Amino acid sequence: MLNRRTALAALALGCSAFAMAAPAVAQTKWNLPAAYPADNPHTENLMLFVKDVDAATSGKLQITVHAGASLFKAPEIKRAVQTGQAQMGEFLLSIHENEDPIFGIDVVPFLATSFAESKKLYVASKPAIEKKLESQGVKLLFMVPWAPQGVYSKKDINTIDDMKGLKWRAYNVGTARLGDLLGMQSVTVQAAELPQALATGVVNSFMSSGGTGYDSKAWESLTHFYDVQAWIPKDATIVNKAAFDKLDKPTQDALLKASAAAEERGWKMWEEKAAWYIDQLKAKGMKVQPPSPELAAGFKKAGETLTADWLKKAGANGQAILDAYRKM
Ligand code: PCA
């Protein structure tokens, strides 16, 4: 009995010593898995975001960004946040189009191909995206675009038929479906594994932004970039709802304010850097060109099939969002 009491007393003493040593305000530490490299604008924006949150909460909420799919692979990040394995996460929303067609609205071909159109499409689709995410136990904090998507290859592509048989890297439902439609061999490879897939010849063509071509040093194995401007996909940054609800009100407000700032900054960063990336591809010796009229027409036709596919899945709700967007 005595031993136990002594032990408890020692424990209590230990606890109070600990309490005295601990900082006055309790710290909350969160993880934010992300899928893209540290020097990609998405990740740079996240680093600025966590700095803003740190400053606005006087260090009460500390968020660690894990870039380059180092904590979770790109397709696993969303689920990790839903299940609370990570409190926050950033990922390409259209990877999850199979869960709900609304997640693929920004990869409907040729629907929104400039940043201005992309912003409008975002405004038109945001309530539906938020609602779906909410039903999955997560809260949308902000979304940031990539740049218009073009085609990387190792040979001249003058018509859509020249794409037949290419080993095509897909990154979501739409790009895989495009591969099938155009008679290519599609393999889904996320950005973190793209440099290796290119180096080993697992793929010899893909669709992406100048940014991901730059990140994966496309010029080391490929030679051409066709600036098709098919669509502008977006990354979403989300927070686990229960984790958010546990924060006190001032911390929640600080997080939301930093999110709004990150969204605005992220759009600006990409608008400013899109042309720089294309210039880098040229500087590295890639042949950067617009698609020929024949190739563009081929993509438009494939795009119509993909749009019809999407509308069939998205139904009246999807159509209503497209209509609202077109009126903006
Ligand atoms: N880069 C990402 C998604 C879209 C983009 O421009 C990728 O290629 O995986």
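Whatever order the structure lists ligands and atoms in, that order sets their numbers, starting from 1. All values below come from the heavy atoms of this structure, side chains included, with hydrogens, waters and symmetry mates left out. Here the structure is a predicted model, which means the values were calculated and not measured.
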| query | Just by distance, with hydrogens left out, do Glu117 and Tyr122 show a side-chain donor and acceptor under 3.5 Å apart? | reply | no
| Of all pairs that satisfy ring pair (Phe, Tyr, Trp, His ring centres under 6.0 Å), the ones with a partner from residues 303-328, not counting sequence neighbours | none
| field | Contacts of Asp227 that satisfy side chain to side chain contact (heavy atoms under 4.5 Å, CB included) - sequence neighbours left out | value | Phe225, Gln229
| In Å and rounded to the nearest 0.5 Å, what is the NZ to CD distance from Lys241 to Glu134? | 5.0 Å
What does the N/O contact table under 3.5 Å look like for ligand 1?
{"residue": "ligand 1", "atom": "1 (N)", "partner": "Ser208", "partner atom": "OG", "Å": "3.2"}
{"residue": "ligand 1", "atom": "1 (N)", "partner": "Thr212", "partner atom": "OG1", "Å": "2.6"}
{"residue": "ligand 1", "atom": "6 (O)", "partner": "Gln149", "partner atom": "NE2", "Å": "3.0"}
{"residue": "ligand 1", "atom": "6 (O)", "partner": "Ser208", "partner atom": "OG", "Å": "3.2"}
{"residue": "ligand 1", "atom": "6 (O)", "partner": "Ser209", "partner atom": "N", "Å": "3.2"}
{"residue": "ligand 1", "atom": "6 (O)", "partner": "Ser209", "partner atom": "OG", "Å": "2.6"}
{"residue": "ligand 1", "atom": "8 (O)", "partner": "Arg169", "partner atom": "NH1", "Å": "2.9"}
{"residue": "ligand 1", "atom": "8 (O)", "partner": "Arg169", "partner atom": "NH2", "Å": "3.3"}
{"residue": "ligand 1", "atom": "8 (O)", "partner": "Ser208", "partner atom": "OG", "Å": "2.7"}
{"residue": "ligand 1", "atom": "9 (O)", "partner": "Arg169", "partner atom": "NH2", "Å": "2.7"}

Quiz: residues 139-152 side-chain donor-acceptor pairs under 3.5 angstrom, not counting sequence neighbours:
{"residue": "Trp146", "atom": "NE1", "partner": "His42", "partner atom": "NE2", "Å": "3.3"}
{"residue": "Trp146", "atom": "NE1", "partner": "Asp235", "partner atom": "OD1", "Å": "2.8"}
{"residue": "Gln149", "atom": "OE1", "partner": "Tyr171", "partner atom": "OH", "Å": "2.8"}
{"residue": "Gln149", "atom": "NE2", "partner": "Ala147", "partner atom": "O", "Å": "2.8"}
{"residue": "Tyr152", "atom": "OH", "partner": "Ser209", "partner atom": "O", "Å": "2.7"}
{"residue": "Tyr152", "atom": "OH", "partner": "Gly213", "partner atom": "N", "Å": "3.4"}

| said: Can you tell whether the side chains of Asp52 and Arg265 come within less than 4.0 Å, N to carboxylate O? | reply: yes
